[in-house]
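A quick write-up on the structure given underneath.
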Number of protein chains: 2
Amino acid sequence: MATLIEPKVLKGFRDFLPDREAARLSLVRRLEQVFRSYGFAPIDTPVLEYAEVLLGKGGGETDKQVYRFTDHGGRDVAMRYDLTVPFARFMAAHLGELALPFKRWHAAKVWRGENTQRGRYREFVQVDFDTVGTDSASADLEILLLMRESFLSLGLGGVKVHYAHRGVFNAFLSRLGLAGQSVEVLRAIDKERKIGPEKTREILAEIAGGENADRILAYSRVEASAALTRAKLAEAAASDAPGAKRLAQIGLALEDIGVADTFVLDPSITRGLDYYTGIVFETFLDRLPGIGSVCSGGRYDDLASLYTSQHLPGVGASIGLDRLMAAMEELGEAGQATAGPSVLVLMLEEGLLAEYHRIGAAFRGAGIPAEVYPEPRKLAVQFAYAEKRGIPLAVIAGSDERAKGAVNLKDLRSRESFDGLSLEDATARASALLR
Amino acid sequence: MATLIEPKVLKGFRDFLPDREAARLSLVRRLEQVFRSYGFAPIDTPVLEYAEVLLGKGGGETDKQVYRFTDHGGRDVAMRYDLTVPFARFMAAHLGELALPFKRWHAAKVWRGENTQRGRYREFVQVDFDTVGTDSASADLEILLLMRESFLSLGLGGVKVHYAHRGVFNAFLSRLGLAGQSVEVLRAIDKERKIGPEKTREILAEIAGGENADRILAYSRVEASAALTRAKLAEAAASDAPGAKRLAQIGLALEDIGVADTFVLDPSITRGLDYYTGIVFETFLDRLPGIGSVCSGGRYDDLASLYTSQHLPGVGASIGLDRLMAAMEELGEAGQATAGPSVLVLMLEEGLLAEYHRIGAAFRGAGIPAEVYPEPRKLAVQFAYAEKRGIPLAVIAGSDERAKGAVNLKDLRSRESFDGLSLEDATARASALLR
């Protein structure tokens, strides 16, 4: 016999076993329902693209995280490392075919050669949703409402969406004469949640001097009410009066709609990326604030300028599905989805093959997932299989039952038996037991 | 301004626009429901694996269709080219964690550097389902029943599943002294549907002589009834009496269950691959037989012998989703899934932002997907957007309506208007109009 090959997976990659994959699918399905209810449409793009398309002209040479190689045709190709860049390329390619504003969601795998020592994965799923082709307050508001409803649908308890306005922050920094250092300042503020205010002040003082550090920290504080924070930002906004007005529109609408409890106007939210120009936001679970933001994003001024001269402002967010799944597992919410059926039809005699499959079909016809144990093995073996898969009910029927047109139903959790039922009564009883 | 990058995709790769992606998702969801109703569990495996795992030791050097490269860590890696090999690796890796028999389905992309001139794609979706860890007739039967129900659930009209037994065919060839030429003979038979019986006879005569060619063609013919075909095969089976018995068990059970109409015992079905040892099958759409098999598979003796010494017999099938989607588009069945919402709330005045989103929420709360047009543009622009996205209903409400607590609902298909409705009446009316 040839030597066996070790069935190992690459570092940073994972198999998903049934219960976990069922939980992941259920998560995506629930999000999908909310996206659709808001009129967001699904799209898909290729996993492999021209490296130039994903990384830009000349650039990206240094990006060691991207899986990039030469294909059989000598093309320089790469696996997508996020869903935003392919979406930008998609918009540029299909502008003529799409109604603007265009709203899409996309749940798919992306790949990055991350350092696995920090517990990061090299293959993971992102769930993105964006509205492009409008810079309206309504689109910002809709994304916020959608985020709120998405998390409600997952049954993870309360969430808080912290939001701010990147343009207002930039205007504030300009007024302090810190426009040139805005990236460093934003990065420092972004880290405050992790490193604390004192360390942040030290870093800011180094960048901008002690007085400005205090001003920046005062700016970034959440005030006693959203109205007070808004007033502070309106003053700080200076040249970005439209930004302050936008924040007011959104904040008042959230109050008017009656969902303001979920939202915190939090000027410390900046999002590191240069890319954002308007509202920015992050989402924290009330029960697990420590895991960080589970859904982040913001408004950008131009999505696809690398590929088209058409101006495409937009607003969007991304859910890190793996972090969310880890949270659900920690909260014990992931067990709701089980991969097994509800009924196991035991095989007592192989000669009754057709009979067993007819019984299975009757349960499925009543909306109850059911399978037939495929071999006439000892009952103990068949019960052990049911237990290992978490199947709650068993149907037991041999020649005697068949002659009487009856089956026996057993609840494997309570060990209660219901004998001599007609098939119709058995499916009704099973429905009741599974409720 | 920098030169724009052309937003093109690689040859053989495709974007999926909303309507098509919605159709694809809906297809997978419907299949998923059937799989689950039969107790098949979802799994997932990495897109990238060690090349050795996917291609075997030493082998595969010549396989130009596989996307294979060296990653940052110097590992020889490859993108999966099917779902069977990763499943075998998965089973070997997780034997201790899984209940046997193990039934799984997996719908995912695979990649092959196919010749695109024949209209083939290099990125496509496979949907596989297998039962491993049992060589029982019940598992064979269940896969056949599942295939039937899967296609019924897609609303594509009738299907015919043609099945045969590879072991019986091999035994028959051995008796003719053709065991050594079995691969060539099987390939010739496999092509008969395409090249016709005469050309097939020529090829067979070259391989096996004229007399044997006639015997093989007689063997592969479908007789007037399944019982007659079974009798012919039982005689031909010779040393593979268990194979003939298996065919009889399955055929009689299909009749007993009352679904025999969907199945054709067709000895010309062989499946080219050496891999199969028992029952083999292919599926044809009654309305589009010419597109070839949309779901094929069979029983194999040992799934994971490359990775484990544990014997894992199984039976499984694979649906080519792209061929199936092409068929649905040809049959006009794909349009059922639309990517747009059912209601567009028009924006007449931006000051009523919160009001419009409250109206949208009321429709969503009644189970009706609804979105707010994000800008207070001319009504003609907003109606054109609704038309382009295929949104059937619009809600029109300005300050006057708001003062009265009323909205106007318009059916954009019939141009009928329902004015001055309460929000509750409007959602009820919309439900009725959408039924």
Side-chain angles (χ1 to χ4, degrees), chain A residues 4-5 7 9-10 13 15-18 21-22 25 36-39 41-48 50 52-53 57 64 69 72 89-90 92-94 97 99 101 113 123 134 136-139 141 145 253 256-257 306-307 339-341 353-354 357-358 364 369 371-372 374-375 385 388-389, chain B residues 4-5 7 9-10 13 15-18 21-22 25 36-39 41-46 48 50 52-53 57 64 69 72 89-90 92-94 97 99 101 109 113 123 134 136-139 141 145 253 256-257 306-307 339-341 353-354 357-358 364 369 371-372 374-375 385 388-389:
Chain A
L4 294 175
I5 295 169
V9 299
L10 290 160
F13 290 75
D15 284 328
F16 277 73
L17 274 72
E21 180 62 6
L25 289 176
R36 292 192 171 212
S37 79
Y38 276 82
I43 68 161
D44 191 39
T45 65
V47 163
L48 275 186
Y50 282 103
E52 181 186 88
V53 161
K57 279 218 163 87
K64 286 188 193 143
F69 59 98
H72 319 94
R89 198 266 311 139
F90 174 97
H94 302 290
E97 303 156 76
E123 174 178 73
T134 174
S136 64
S138 180
L141 178 64
L145 294 174
D256 204 359
I257 294 168
L306 275 179
Y307 317 104
L353 184 61
H357 283 278
R358 224 175 1 226
R364 287 190 294 271
E371 68 176 51
V372 176
E375 299 173 8
Y385 170 82
K388 194 155 182 189
R389 290 201 65 196
Chain B
L4 295 175
I5 295 169
V9 299
L10 290 160
F13 290 75
D15 284 329
F16 276 73
L17 273 73
E21 180 63 6
L25 289 176
R36 291 191 173 213
S37 79
Y38 275 83
I43 69 161
D44 191 38
T45 65
L48 275 186
Y50 283 102
E52 180 186 89
V53 161
K57 279 218 163 88
K64 285 187 192 143
F69 60 97
H72 319 95
R89 198 268 309 139
F90 174 98
H94 302 289
E97 302 157 76
K109 284 183 176 178
E123 174 178 73
T134 174
S136 64
S138 181
L141 178 64
L145 294 173
D256 204 0
I257 293 168
L306 276 180
Y307 317 104
L353 185 61
H357 283 278
R358 221 173 4 221
R364 286 190 293 272
E371 68 176 51
V372 177
E375 299 173 8
Y385 170 82
K388 194 155 182 189
R389 289 201 65 196

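The basis for the numbers below is simple: all heavy atoms, side chains too, and nothing from hydrogens, waters or symmetry mates. Everything numeric here is computed off the predicted structure, so don't read it as measured data. Each chain gets a letter, A, B and so on, in the order the sequences are listed, and its residues count up from 1.
Considering only heavy atoms from C-beta on, Val9(A) stays 4.5 Å or farther from Phe90(B) through its side chain. For the pair Pro369(B) and Arg36(A), the minimum side-chain heavy-atom distance is 4.5 Å or more.
Put simply, the side chain of Glu375(B) never gets that close to the backbone of Ser136(A): no donor and acceptor are under 3.5 Å apart. No side-chain donor-acceptor contact under 3.5 Å links Thr134(A) to the backbone of Pro374(B).
Highest contact tally toward chain A, considering only Ala99(B), Pro42(B), Ala354(B), is held by Pro42(B) [criterion: heavy-atom pairs under 4.5 Å]. Annotation: maximal heavy-atom pairing with chain A below 4.5 Å, among Leu353(B), Leu306(B), Leu48(B), occurs at Leu48(B). Comparing Tyr50(A), Phe13(A), Tyr385(A) by heavy-atom pairs within less than 4.5 Å of chain B, the highest count is held by Tyr50(A). In terms of heavy-atom pairs under 4.5 angstrom with chain A, the leader among Ile257(B), Thr45(B), Val53(B), Leu10(B) is Leu10(B). When His72(B), Lys109(B), Glu123(B) are compared by the number of non-hydrogen pairs under 4.5 Å with chain A, His72(B) comes out ahead. Taking Ser37(B), Pro341(B), Ala253(B) one by one and counting their heavy-atom pairs under 4.5 Å with chain A, the maximum is reached by Ser37(B).
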request  = Apply side-chain contact (heavy atoms from CB on, under 4.5 Å) to the pair Arg358(B) and Asp256(A), showing each step before the final yes or no.
outcome  = CA-CA 9 Å; Arg358(B) 221 173 4 221; Asp256(A) 204 359; 3.5 Å; yes

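At a 4.5 Å heavy-atom cutoff, the contact between Ile43(B) and chain A is made by backbone and side-chain atoms alike. With a 4.5 Å cut-off on non-hydrogen atoms, Leu25(A) touches chain B through its side chain but not through its backbone.
Atom-to-atom distance recorded for His357(A):NE2 and Leu145(B):CG is 6.5 Å, nearest 0.5 angstrom.
Residues Tyr38(B) and Glu371(A) share a closest heavy-atom pair of O-CB, 3.4 Å. A pairwise comparison of heavy atoms in Gly39(A) and Arg389(B) identifies O-NH2, 2.8 Å as the closest pair. Considering every non-hydrogen atom in both Tyr307(B) and Pro7(A), the closest pair reads CB-CB, 4.0 Å. When every heavy atom of Lys388(B) is checked against every heavy atom of Glu97(A), the shortest pair comes out as CE-O, 4.2 Å.
The salt bridge (Lys or Arg N to Asp or Glu O under 4.0 Å) check on Glu21(B) picks up Arg24(B), with sequence neighbours excluded. Scanning for salt bridge (Lys or Arg N to Asp or Glu O under 4.0 Å) contacts around Arg89(A) gives Glu49(A), Asp15(B), with sequence neighbours left out.
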